[in-house]
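Reckoned from all heavy atoms, side chains included, excluding hydrogens, waters and symmetry mates. Along the sequence shown, the residues carry numbers beginning at 1.
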Amino acid sequence: MLEYNLPRYLPSAEELPDSDETPVDNELQELIPGLLKAILLILWAERMDWFFGIDMGIYYHPDKPAIVPDGFLSLGVERFYDEELRPSYVLWDENVLPILVLEVVSQNYRKEYSTKLDEYAALGVLYYVIYSSRRRRKPRLEVHKLVNGKYELQQGNPVWLPEIGLGIGCERGNYSGVTREWMYWYDEAGKRYPTPAEQIKQEAQRAQQEAQRAQQEAQRAEIAEQRVQQLAEQLKALGIDPDNLG
C-alpha cells in the first residue's frame with residue numbers, strides 16, 4: 001500500500017489529463033517499449049496481474065503534473081479495467097508503484113541521467129532503465145536498481161531482474177522491418193524471448209516439421225504394406241496360403 005500525504009478528496013483517472021501534450025521526438029521512443037510490451041503479451045498471455053504503459057502519465061499527486069516515462073511495468077495490478085482501458089496511471093487508485101520505468105534518450109536530451117533519475121528514486125521505483133543508441137564510450141543500456149533510497153548501476157547485458165522474473169537487455173535484431181539494436185526480455189539463463197514475428201515463424205516451422213514427420217510416417221507405413229503384399233504373393237507362388245499361417 002502506498003503512503004502519501006495527499007488531499008482528502010482525490011480526482012479519478014478520468015478527471016485527469018491523459019497526456020502532457022509533449023510529442024515524442026524519436027520513433028524509437030514508441031517502438032522500443034512497444035516491442036517489450038508485445039513480447040510480454042505473448043509471454044504473460046495467461047496472466048492478468050500486470051500492466052505495461054507506454055508514454056502514459058503516472059500521477060503521484062493531484063496538484064502536480066504527471067511523470068511520463070516512455071514505458072513502465074507494474075505488477076500486482078489489474079491488466080484491464082474495462083473496454084475503455086486506462087487513460088493514465090493514478091497511484092492513489094492503483095495502490096501499486098511501477099516496478100520498472102524505461103526512458104529512451106532522444107536527440108533532445110530530457111535529463112534522463114540526472115533529474116529523472118532523482119525523480120524516480122524519490123518515487124520509489126525499483127528499476128530505472130535508460131537506453132541511448134547514440135552513446136559511444138559509455139554503455140547504451142543502463143539498468144539502475146534502487147538500494148537504500150539510491151540507484152545503483154547494475155552490470156551486464158542482459159541484467160536479471162529477480163523481482164520481475166525476467167531479464168532485460170539489448171542486441172541486434174529485426175522489428176517492424178528495421179534491423180538494429182533493440183531491447184528484449186530474457187530468461188534467467190540469458191536466452192532471449194522471441195518477438196511476435198519470431199514466435200509466429202517458430203510455430204510455422206514446428207507445424208511444418210510435424211507435417212513432414214506425419215508424411216514420413218505415412219510413407220513408411222505404405223512401404224511396410226507393400227512389403228507385406230510382396231511376401232504374401234511370394235508365399236502364394238510357393239503354394240502356401242498366407243491367411244492360414246501359424
Side-chain angles (χ1 to χ4, degrees), residues 2 28-56 58 67 69-77 79 89 94 96-105 112-114 116-175 179-199 201-202:
L2 300 174
L28 292 177
Q29 291 175 278
E30 296 179 346
L31 290 177
I32 288 176
L35 174 56
L36 291 173
K37 182 173 184 176
I39 296 172
L40 285 182
L41 286 170
I42 297 174
L43 193 60
W44 290 349
E46 303 302 320
R47 290 182 55 174
M48 302 301 292
D49 64 341
W50 63 277
F51 176 74
F52 194 97
I54 299 176
D55 194 32
M56 176 180 287
I58 300 173
I67 297 176
D70 292 316
F72 68 89
L73 172 66
S74 289
L75 300 179
V77 297
R79 188 160 150 196
Y89 193 87
E94 305 283 355
V96 176
L97 274 171
I99 194 170
L100 178 147
V101 295
L102 167 67
E103 293 286 358
V104 179
V105 181
E112 286 88 353
Y113 296 97
S114 55
K116 288 191 175 182
L117 188 143
D118 293 335
E119 288 178 345
Y120 292 129
L123 195 59
V125 175
L126 182 60
Y127 289 104
Y128 175 36
V129 181
I130 314 172
Y131 176 77
S132 175
S133 61
R134 292 179 171 83
R135 277 191 154 191
R136 294 297 178 265
R137 297 186 177 182
K138 293 184 178 181
R140 291 185 292 274
L141 176 66
E142 289 191 359
V143 178
H144 299 263
K145 184 174 183 179
L146 194 65
V147 179
N148 297 324
K150 293 185 178 181
Y151 279 124
E152 293 184 358
L153 182 62
Q154 306 298 293
Q155 301 300 317
N157 178 33
V159 176
W160 178 246
L161 316 174
E163 297 83 358
I164 298 176
L166 294 172
I168 194 167
C170 57
E171 62 179 85
R172 288 189 67 80
N174 185 281
Y175 177 59
T179 299
R180 67 175 314 278
E181 186 176 70
W182 295 100
M183 291 184 63
Y184 301 94
W185 299 110
Y186 297 77
D187 65 16
E188 193 169 2
K191 181 180 179 181
R192 178 171 69 81
Y193 286 108
T195 67
E198 291 169 340
Q199 182 81 6
K201 184 177 180 180
Q202 290 175 3

Worksheet item: What's the shortest heavy-atom distance between Pro158 and Tyr186, and which atoms?
Response: CB-CD1, 3.5 Å
Worksheet item: Out of curiosity, Glu119 CD to Ile67 CD1, how far, rounded to the nearest 0.5 Å?
Response: 5.0 Å
Worksheet item: CD1/Ile130 to CG/Asp70 distance, rounded to the nearest 0.5 angstrom?
Response: 11.0 Å
Worksheet entry | Pairwise side-chain contact, Gln29 with Asp55, heavy-atom cut-off 4.5 Å (strictly under) | no
Worksheet item: Looking only at heavy atoms, which two atoms of Ser74 and Val96 are closest? And how far apart?
Response: OG-O, 4.5 Å
Practice prompt. Measure the shortest side-chain to side-chain distance between Leu141 and Met183 over non-hydrogen atoms and say whether it is less than 4.5 angstrom.
Written response: yes
Worksheet item: Under the salt bridge (charged side-chain N to carboxylate O under 4.0 Å, His left out) test, which residues partner Arg140, sequence neighbours left out?
Response: Glu181
Worksheet item: How about Val125 and Tyr151: do any of their side-chain heavy atoms sit closer than 4.5 Å?
Response: yes
Discussion item. Restricting to non-hydrogen atoms, name the atom on Tyr89 and the atom on Val77 that form the minimum distance, rounded to 0.1 Å.
Written reply: OH-CG1, 3.6 Å
Fill in: Within-4.5 Å side-chain heavy-atom neighbours: Glu163 and Lys145
yes
Practice prompt. Would you mind reporting whether Leu146 and Tyr128 have side-chain heavy atoms less than 4.5 Å apart?
Written response: no
Practice prompt. With the side chain counted from C-beta on, respond yes when Val143 and Val129 share a heavy-atom pair under 4.5 Å apart, and no when they do not.
Written response: yes
Worksheet item: Closest approach of Glu103 and Pro69, non-hydrogen atoms and distance?
Response: OE2-CA, 3.3 Å
Worksheet item: Any side-chain heavy-atom pair from Trp185 and Ile168 closer than 4.5 angstrom?
Response: yes
Practice prompt. Could you tell me the separation between the CD atom of Glu171 and the CZ atom of Arg180, rounded to the nearest 0.5 Å?
Written response: 13.0 Å
Item to complete: Write down the atom of Asp187, the atom of Trp160, and the distance for their closest heavy-atom approach.
Response: C-CZ3, 3.5 Å
Fill in: Within-4.5 Å side-chain heavy-atom neighbours: Tyr193 and Glu198
no
Worksheet entry | N/O donor-acceptor pair under 3.5 Å between Arg136 side chain and Arg134 backbone | yes
Kindly list each side-chain donor-acceptor pair under 3.5 angstrom involving residues 31-47, sequence neighbours excluded, with atom names and distances?
unit_1	atom_1	unit_2	atom_2	d
Lys37	NZ	Phe52	O	3.2
Arg47	NE	Asp49	OD1	2.9
Arg47	NH2	Asp49	OD1	3.2
Arg47	NH2	Asp49	OD2	3.3

Response to the item:
CG of Leu28 to OH of Tyr131, rounded to nearest 0.5 Å, is 7.5 Å
Worksheet, complete the sentence: In this structure, SG of Cys170 is separated from CH2 of Trp182 (nearest 0.5 Å) by 12.0 Å
Worksheet item: For the atom pair CZ (Phe72) and CG (Leu102), what is the distance rounded to the nearest 0.5 Å?
Response: 11.5 Å
Practice prompt. Would you verify whether the NZ or CZ of Arg135 falls within 45 degrees of the ring axis of Tyr113 while also being under 6.0 Å from that six-membered ring's centre?
Written response: yes
Practice prompt. For residues Gly124 and Leu97, report the shortest heavy-atom separation together with the two atoms involved.
Written response: O-CD1, 3.7 Å
